[in-house]
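Order of the sequence lines fixes the chain letters, A, B, ..., with proteins taken first and strands second; residue numbering starts at 1 for each chain.
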Number of protein chains: 4
Amino acid sequence: MGKSSDGKYDIILHAAIDVISEKGLDKTSISDIVKKAGVAQGTFYLYFSSKNALIPAIADNLLTITFESVKEKIQGKETFWSILEVMIDETFRITKEYKNIIILCYSGLAIDHSMEKWEAIYQPYYDWLENIIKKAIQQNEIISDINLKWTAKTIINLVENASERFYISQVQDDTIEVYKIEVFNFIKRSLITPS
Amino acid sequence: MGKSSDGKYDIILHAAIDVISEKGLDKTSISDIVKKAGVAQGTFYLYFSSKNALIPAIADNLLTITFESVKEKIQGKETFWSILEVMIDETFRITKEYKNIIILCYSGLAIDHSMEKWEAIYQPYYDWLENIIKKAIQQNEIISDINLKWTAKTIINLVENASERFYISQVQDDTIEVYKIEVFNFIKRSLITPS
Amino acid sequence: MGKSSDGKYDIILHAAIDVISEKGLDKTSISDIVKKAGVAQGTFYLYFSSKNALIPAIADNLLTITFESVKEKIQGKETFWSILEVMIDETFRITKEYKNIIILCYSGLAIDHSMEKWEAIYQPYYDWLENIIKKAIQQNEIISDINLKWTAKTIINLVENASERFYISQVQDDTIEVYKIEVFNFIKRSLITPS
Amino acid sequence: MGKSSDGKYDIILHAAIDVISEKGLDKTSISDIVKKAGVAQGTFYLYFSSKNALIPAIADNLLTITFESVKEKIQGKETFWSILEVMIDETFRITKEYKNIIILCYSGLAIDHSMEKWEAIYQPYYDWLENIIKKAIQQNEIISDINLKWTAKTIINLVENASERFYISQVQDDTIEVYKIEVFNFIKRSLITPS
DNA sequence: TATGAATGAGCATTCATTCAT
DNA sequence: GATGAATGAATGCTCATTCAT
């Protein structure tokens with residue numbers, strides 16, 4: 001189950017992401033995946049213990065993509081609010097691009113009764129934002145009377161959920177800009193230090 | 001597909017909820033459901049067009065429970081903030097009681113690629129809260145410079161997600177009270193009219 | 001799992017016996033059996049809980065054949081020794097005819113770790129012979145100082161094993177008559193009342 | 001396929017015996033065996049041509065154990081009857097200790113359609129007993145009017161089957177002593193020279 | 001000799017759905 | 001409306017075996 005080898009793990013993982021994005025989790029057979037990956041049926045099981053074991057791996061991959069791209073775009077941003085703006089932009093962008101994978105993660109982890117894995121996977125992202133918030137408090141950008149951990153998780157969820165409502169639940173009675181601005185303002189009003 | 005008959009629809013629906021709560025969606029067969037319901041295999045198909053047709057029905061049932069119980073508990077409450085308090089209390093209570101069904105709705109609707117049905121099902125709840133908010137604005141309890149629809153959805157999501165994080169993702173590093181208070185304050189700070 | 005219906009149980013059972021006799025247990029797939037039986041794949045599982053569940057059923061069938069044919073041929077025989085003779089003749093005949101099934105029962109029950117089922121299946125045969133022996137003792141044909149149950153089982157085993165050694169283990173350095181006579185005499189010398 | 005090397009053959013063979021005794025033949029994979037033996041997957045095939053090739057080797061090993069231990073315990077015994085007693089004791093002891101292996105031999109050789117291998121493996125044991133019987137006849141301990149080969153095989157079978165009925169088929173309605181005495185007496189009455 | 005990653009054929013079993021009664 | 005026996009497509013997974021190193 002190692003992630004090393006000569007890259008077979010990644011080859012299979014990405015083949016899985018491709019096929020599942022297209023056909024959905026339950027319509028995708030292991031046979032489809034290995035065909036796409038160009039390996040034998042049995043090889044799949046050298047790297048993943050079961051079909052279900054794919055989901056956390058895919059979710060992990062997705063979070064990594066999100067997290068990395070946020071960190072990259074954050075470079076040079078100084079204020080908490082500009083960082084929040086980046087998070088919103090990137091989350092919307094990635095939700096649009098990977099909406100099928102996001103859905104598959106929801107259903108996959110739910111089916112597997114392992115919703116708690118979400119939290120484990122998101123932990124590094126949570127920790128990172130917690131730190132950002134801590135600094136923002138020190139900079140007196142935001143109020144200090146909040147539960148750090150809870151707030152970090154809630155912000156991430158708020159942003160993700162807003163973009164999922166926009167792209168996945170297909171409620172587009174407003175423009176994307178409205179959604180982005182509303183979520184930004186909602187959070188800002190809640191956290192900003194009264195002047 | 002009528003909801004009438006002599007109640008077989010409800011018998012089957014609740015048998016389904018019971019069994020699926022226990023075993024999870026994918027481990028539950030139609031056979032399990034009809035056995036529990038005490039009807040014949042074929043009878044299921046007189047009331048539901050397919051296994052997947054169960055999920056929206058269950059989700060609908062769940063929303064109705066939530067919505068009704070919120071409306072009931074709201075009686076006599078005057079301020080927006082006391083209504084919000086009730087919503088939080090009831091949402092946490094129902095999330096605890098029906099967490100397996102909530103999970104099943106996530107996975108079921110995701111599998112079915114019909115996440116948008118969530119929105120349709122939640123519509124009455126959204127509409128109701130939108131009205132509450134509108135009145136609160138008129139009463140000058142909360143700020144007026146917000147997108148009504150978006151805010152209604154976001155509040156409902158925020159509350160639900162907080163309780164799901166608590167009960168489903170099993171992140172209980174704080175007490176339930178902390179979670180309830182944080183979510184209440186987070187929303188209140190964002191919406192309250194500056195005095 | 002009832003043996004009734006319109007005979008599907010028997011149809012499948014005999015199809016299974018046919019195919020397995022030919023190809024051996026592990027080379028036979030359920031698919032082969034249902035094809036031969038002319039029923040659908042799933043129908044098999046309406047009558048047998050698993051592939052392994054076939055074996056005891058087949059063994060039972062075989063014992064019934066043996067037992068019935070022995071009882072039939074016994075008609076009119078008066079002495080214990082003539083009955084023993086019939087048992088030997090019939091056992092050799094049936095061993096020859098059904099040797100593949102006998103082998104499959106051995107391996108099937110062994111694989112299944114349910115060797116003890118042999119005894120349960122053979123019980124009626126054992127009981128019947130026990131009675132025969134009891135009468136023979138009363139008639140003073142054989143000695144009385146023996147353990148009835150043990151002796152009944154041992155005689156049946158001796159005869160079966162002799163014929164299996166002849167037909168299955170393919171040790172035919174002697175004629176079948178030698179085998180039959182030896183086993184008859186071996187038992188007779190051991191049990192006959194000294195004159 | 002040599003039995004020499006630096007003992008890898010024996011290491012693998014005994015690993016196989018251990019694992020199969022525990023899990024049964026069909027639940028045991030080559031992978032289990034090599035893991036236990038501490039060698040690589042491919043190494044197995046340097047010493048055994050296939051999985052099925054294990055069975056005769058294991059059976060052979062088992063017969064050797066039985067045969068050797070009988071020969072050892074026989075030392076100093078003079079009469080045929082005391083030798084028979086040893087055979088019974090040792091057979092019961094070994095059946096108890098190795099019952100899972102005995103079962104595996106049954107199923108393994110049956111599956112393989114090579115029941116006749118039993119006879120080849122047992123040949124030395126048969127030959128040895130044949131000689132014992134021959135001497136007993138010369139000593140006038142037992143009757144002479146018997147087929148030597150057939151009788152040797154039958155005695156061995158009788159004893160083995162009695163102990164298998166006791167330990168494997170789990171019919172323990174009597175004590176082990178009853179079983180041992182009955183089988184001893186059954187044979188003795190059949191063979192002893194009338195005084 | 002020894003390795004162990006890779007292979008890929010093979011199959012029991014499940015279960016949503018139908019339909020004759 | 002109600003039944004439940006029958007269907008048969010569909011697939012995750014195992015595992016004996018190979019072979020390049």
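Shown here for B:C105 and B:I58, the closest heavy-atom pair between the two residues is SG-CG2, 4.3 Å.
Remark: the B:Q41 side chain and the E:dT17 base include a donor-acceptor N/O pair separated by less than 3.5 Å.
Partners of A:T95 according to the side-chain hydrogen bond (donor to acceptor under 3.5 Å, both in side chains) rule, which considers only residues two or more places apart in sequence or in another chain, are A:S163. Residues meeting the ring pair (Phe, Tyr, Trp, His ring centres under 6.0 Å) test with A:F44, sequence neighbours left out: A:F48. With sequence neighbours excluded, no residue satisfies ring pair (Phe, Tyr, Trp, His ring centres under 6.0 Å) with D:Y98.
Of the candidates F:dA2, F:dT7, F:dG12, the closest approach to any side-chain atom of C:T43 belongs to F:dT7.
Atom CZ in A:F48 sits roughly 19 Å away from atom C1' in F:dT14 (whole-Å rounding). In this entry the distance linking OH of D:Y45 with C1' of E:dT1 reads 17 Å, nearest Å.
Ranked by how close their nearest DNA chain F nucleotide is to the 5' end, A:G42 and B:G42 are led by B:G42.
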Per-pair distances, 0.1 Å, donor-acceptor, side chain in residues 12-25 of chain D, under 3.5 Å, sequence neighbours excluded:
| residue | atom | partner | partner atom | Å |
| --- | --- | --- | --- | --- |
| D:H14 | ND1 | D:D10 | O | 3.0 |
| D:S21 | OG | D:I17 | O | 2.7 |
| D:K23 | NZ | D:D32 | OD2 | 3.1 |

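Between D:K8 and E:dA2 there is a side-chain N or O to OP1 or OP2 distance below 4.0 Å. Between C:Y47 and F:dA5, a side-chain N or O to OP1/OP2 separation shorter than 4.0 Å is absent.
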Intra- and interstrand pairs of DNA chain E - dot-bracket, Watson-Crick/G-U under 3.5 Å, | marks other strand: .||||||||||||||||||||
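Within residues 14-37 of chain A, no residue approaches DNA chain E, by heavy-atom distance under 4.0 Å.
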